[in-house]
Amino acid sequence: MRRSVAGRVVGCVVGAAELARRDIVRPRLAVWVGRAEIERGLLVGARIAAVERVGKQLIIVAEDGRGLGVHLGMTGQLLFDAAGGGAAGGGAGGVARVDRKHTHARWTMVRDDGVRGAGSVKGGVVGEMVFCDPRRFGKLRPLGDAAARAELAARLGPDALAVTGEQLHAALAKSQRAIKGALLDQRVLAGVGNIYADEALFAAGVNPRRLCVRLRRGEYDAIAAEVVAVMTAAISAGGSTLRDYVDADGKAGEFAARHRVYGRGGLACVVCGGTLNAGVVGQRTTVWCGVCQRVRGGVRAGEQGGGRKLRMGE
DNA sequence: CGTGGCCCCTGTGGGC
DNA sequence: TGCCCACAGGGGCCAC
């Protein structure tokens with residue numbers, strides 16, 4: 001996602017921006033906040049210097065120091081609609097269509113010809129970046145300066161692409177929570193969600209209901225290594241598209257076809273052939289193999305196989 | 001403080 | 001065909 005957005009907007013100047021729904025901005029906009037302040041928050045007038053990523057959110061960084069955090073939530077999309085017919089996905093990619101009904105913000109990107117300031121931006125329109133999100137769990141977060149960006153990053157745990165067993169062990173060794181829920185906590189580990197938590201725990205052979213305090217150091221090493229491996233493989237495949245996700249070019253990800261447990265409750269384990277369990281752990285639907293992810297010490301007697309109701313896979 | 005529960009939203013698919 | 005319920009890549013807030 002970061003790469004596709006960067007490829008489209010870095011070097012562009014934000015000529016204009018429009019916020020159709022104020023409630024997607026965090027922190028919440030006070031009622032008296034006006035157009036000028038909103039446009040400042042949406043980087044109007046600035047040249048895009050870079051697109052970074054902090055955990056699950058993108059940070060669009062402007063040359064003047066402003067930043068804008070974009071979190072897609074569950075159904076969000078950040079699409080680039082190129083001017084003059086070359087719409088997002090028009091090339092080798094997908095066929096993404098901008099969902100007008102749920103377009104909550106849009107930015108007009110113009111070519112940066114070096115003429116800036118004085119309120120008017122010269123140069124032709126390159127296209128529009130649009131933020132769509134039917135469920136509106138996604139959010140936009142204006143970040144005034146580098147310090148605000150640093151503050152955001154400081155609230156998050158180590159990044160999923162570089163996490164180590166030592167880091168997880170240090171954060172969780174005394175915790176009474178189930179490991180699954182802990183991996184979803186962005187203060188513990190930044191970037192892993194429900195799909196990849198299940199996939200990484202399966203790959204590591206660790207039962208999602210095990211309590212953190214009972215995990216051995218070697219198990220933290222295995223979990224960290226598998227988090228890195230799963231995330232790396234998923235990114236190479238363009239992510240997991242279940243329904244809505246596409247990159248800025250409208251291209252869907254291919255990793256869902258390679259999920260080994262997520263979405264496969266009730267189906268056969270690809271390793272041992274047993275039936276995969278499905279249940280709720282840490283308030284989220286969780287799928288695991290009771291054989292490959294056996295609880296040795298025991299979570300509690302009788303809970304080894306775990307899952308309550310089995311759901312047929314998609 | 002750490003945790004679990006509940007809520008926020010809309011769309012979709014299955015069962016009846 | 002239509003209605004209702006359950007569920008969905010996330011996270012914030014609250015009470016305990």
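Every value quoted in this text rests on a predicted model; they were computed, and no experiment measured them.
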Ion pair [X]/[Y], N-O distance below 4.0 Å:
X	Y	result
A:Arg177	A:Asp185	yes
A:Arg66	A:Asp64	yes
A:Asp247	A:Arg3	no

Intra- and inter-strand pairing of DNA chain C, written as dot-bracket with Watson-Crick and G-U pairs under 3.5 Å and | for the latter, reads .|||||||.|||||||
Is there a donor on the side chain of A:Arg243 or the base of C:dA8 sitting less than 3.5 Å from an acceptor on the other? no
Euclidean distance, atom [atom1] of residue [X] to atom [atom2] of [N] [Å, nearest integer]:
X	N	atom1	atom2	result
A:Leu184	C:dG11	CG	P	9 Å
A:Glu199	C:dG9	CD	P	12 Å
A:Arg28	C:dG12	CZ	P	14 Å
A:Arg284	C:dA6	CZ	P	19 Å
A:Met74	C:dG12	CE	P	14 Å
A:Ile195	C:dA8	CD1	P	11 Å
A:Gln186	C:dG9	CD	C1'	12 Å
A:Asp133	C:dG10	CG	C1'	10 Å

Nearest nucleotide by nearest heavy atom, which residue falls closer to the 5' end of DNA chain C, A:Arg135 or A:Arg141? A:Arg135
Could you measure the distance from the CZ atom of A:Arg260 to the CG atom of A:Asp198? Nearest 0.5 Å is fine. 12.5 Å
Output for pair (A:His102 NE2, A:Thr75 OG1), nearest 0.5 Å, gives 8.5 Å
Glycosidic class, syn or anti, of C:dG12 using a 90° window around 0: anti
Kindly indicate whether the side chain of A:Glu39, heavy atoms from C-beta on, has any atom under 4.5 Å from the side chain of A:Arg35. yes
For the residue pair A:Ser240 and A:Tyr245, establish whether any side-chain heavy-atom pair is separated by less than 4.5 Å. no
[N] phosphate, OP1 or OP2, under 4.0 Å from [X] side-chain N/O:
X	N	answer
A:Lys139	C:dG11	no
A:Tyr196	C:dG9	no
A:Thr75	C:dA8	no

Will you find, in the side chains of A:Asn194 and A:Lys180, an N or O donor that is under 3.5 Å from an N or O acceptor? yes
For A:Phe137 and for A:His102, find the nucleotide of DNA chain B with the closest heavy atom, then tell me which residue's nucleotide is more 5'. A:Phe137
Using a heavy-atom cut-off of 4.0 Å across all strands, would you classify [X] as base, sugar-phosphate, or nothing?
X	result
A:Gln283	base
A:Lys174	nothing
A:Asp244	base

Parallel, tilted or perpendicular: which describes the rings of A:Phe255 and A:Tyr196, with under 30° parallel and over 60° perpendicular? tilted
Range on DNA chain B touched by chain A - first to last nucleotide, heavy-atom distance under 4.0 Å: B:dT3 to B:dG13
Taking CZ in A:Arg26 as the centre, count heavy atoms belonging to other residues, nucleotides or ligands within less than 6.0 Å. Is the count above 12? yes
